[in-house]
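This chain uses plain numbering: 1 for the first residue, then up along the sequence. Indexing begins at 1, ligand by ligand and atom by atom, following the structure's order.
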Amino acid sequence: MSLIVNGTAVPAPADARVSLLDHLRETLHLTGTKKGCNQGACGACTVLVEGERILSCLALAVQYDGRQVTTVEGLAQDGALHPLQAAFVEHDGFQCGYCTPGQICSAIGMAAEAQRGVPSYLSDDLSADTTLTRAEIQERMSGNLCRCGAYNGIIDAIQATIAPKVPA
Ligand code: FES
Ligand code: FES
């Protein structure tokens with residue numbers, strides 16, 4: 001049984017009770033993914049599984065046998081930051097940085113959801129326009145908390161990079 005983390009096959013834990021978050025951090029030493037609440041309330045542990053954002057603290061690692069997991073460490077390519085990572089720097093999207101890996105993974109997954117036409121709480125109906133306006137981004141990112149209150153910079157970074165690529 002194995003998972004594919006950032007493109008590399010790694011063994012799943014022998015203990016089926018181990019969360020994906022703990023497996024990433026404690027066994028694989030991928031400490032970019034953060035543990036905040038450990039109960040699904042803060043978004044700090046967000047990673048991508050085949051492009052979909054999940055809370056790794058609420059997931060068992062063995063559930064992801066054979067699946068592609070991407071953590072913040074897997075976003076940079078050939079030593080270059082992912083455009084959203086660079087935008088967080090440019091737009092002051094963080095202070096302490098603790099929430100940042102989760103924010104970035106969540107934003108990438110969020111943009112894919114909008115592109116697929118997945119409605120949000122703000123949508124008038126299930127077929128509503130999913131253009132990523134500032135209000136839509138705020139709503140769709142509301143599961144990712146930032147104790148430093150860097151929200152304006154976070155939304156600016158997302159608007160500058162991801163939102164323009166989502167067709168209206
Ligand atoms: S650590 Fe997973 S949601 Fe807070
Ligand atoms: S930058 Fe400190 S919690 Fe978000």
More than 12 heavy atoms of other residues, nucleotides or ligands under 6.0 Å from CZ of Arg116: is that the case?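 Yes, the 6.0 Å shell around CZ holds more than 12 heavy atoms from other groups.
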Element-labelled atoms of ligand 2 that are located less than 4.0 Å from some non-hydrogen atom of Gly97: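 With Gly97 as reference, the close atoms of ligand 2 come out as 1 (S), 2 (Fe).
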When you compare the side chain of Ile104 with that of Gln85, does any pair of heavy atoms fall below 4.5 Å?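 Sidechains of Ile104 and Gln85: in contact.
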Does the side chain of Arg25 come within less than 4.5 Å of Lys34's, by heavy atoms?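 Side chain of Lys34 against side chain of Arg25, heavy atoms only: contact under 4.5 Å found.
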To the nearest 0.5 angstrom, please state how far the CD1 atom of Ile154 sits from the SG atom of Cys99.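 Answer rounded to 0.5 Å: 4.5 Å.
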Could you verify whether a donor N or O on one side chain and an acceptor N or O on the other, from Thr131 and Glu136, lie under 3.5 Å apart?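 No pair is found: no donor N or O on one side chain lies under 3.5 Å from an acceptor on the other.
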Do any of the N/O/S atoms of Cys42, backbone or side chain, fall under 2.8 Å from atom 2 (Fe) of ligand 1?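 It does not; every qualifying atom lies at 2.8 Å or beyond.
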Quick test: of every protein heavy atom, which one is nearest to atom 1 (S) of ligand 2, and how far off is it to 0.1 Å?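 Of every protein heavy atom, Gln95 N, 3.2 Å lies nearest to atom 1 (S) of ligand 2.
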How close does the nearest protein non-hydrogen atom get to atom 3 (S) of ligand 2, and which residue and atom is it?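 Answer, as residue, atom name and distance: Arg147 N, 3.2 Å.
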Checking only N/O/S atoms, does Cys45 have one that is under 2.8 Å from atom 4 (Fe) of ligand 1?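 Here the distance criterion (N, O or S atom, under 2.8 Å) is not met by Cys45, so no.
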Quick check: does Cys57 have an N/O/S atom under 2.8 Å of atom 4 (Fe) of ligand 1?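 No N, O or S atom of Cys57 is closer than 2.8 Å to atom 4 (Fe) of ligand 1, so no.
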Working for side chain to side chain donor-acceptor pair (under 3.5 Å), residues Arg53 and Thr46: CA-CA 6 Å; Arg53 53 182 174 171; Thr46 307; over 6 Å; no
What atoms in ligand 1 come closer than 4.0 Å to a heavy atom of [X]?
{"X": "Cys37", "result": "1 (S), 3 (S), 4 (Fe)"}
{"X": "Ala41", "result": "3 (S)"}
{"X": "Gly40", "result": "3 (S)"}
{"X": "Asn38", "result": "1 (S), 4 (Fe)"}

Heavy atoms only, cut-off 4.0 Å: how does Cys146 contact ligand 2, side chain, backbone, both, or neither?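 For Cys146, backbone and side-chain atoms both sit under 4.0 Å from ligand 2.
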Give the cluster check for Leu48 versus Leu81: same hydrophobic cluster or not, with ILVMFWY residues linked at side-chain heavy-atom distances below 4.5 Å.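 No; tracing contacts between hydrophobic side chains, which count when under 4.5 Å, never links both residues.
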Look at the side chain of His23 and the backbone N and O of Pro11, then say whether any donor-acceptor pair between them is shorter than 3.5 Å.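 Checked: pair present.
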Answer yes or no as to whether an N/O/S atom of Cys148 is found below 2.8 Å from atom 2 (Fe) of ligand 2.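 So Cys148 does bind atom 2 (Fe) of ligand 2 by this criterion.
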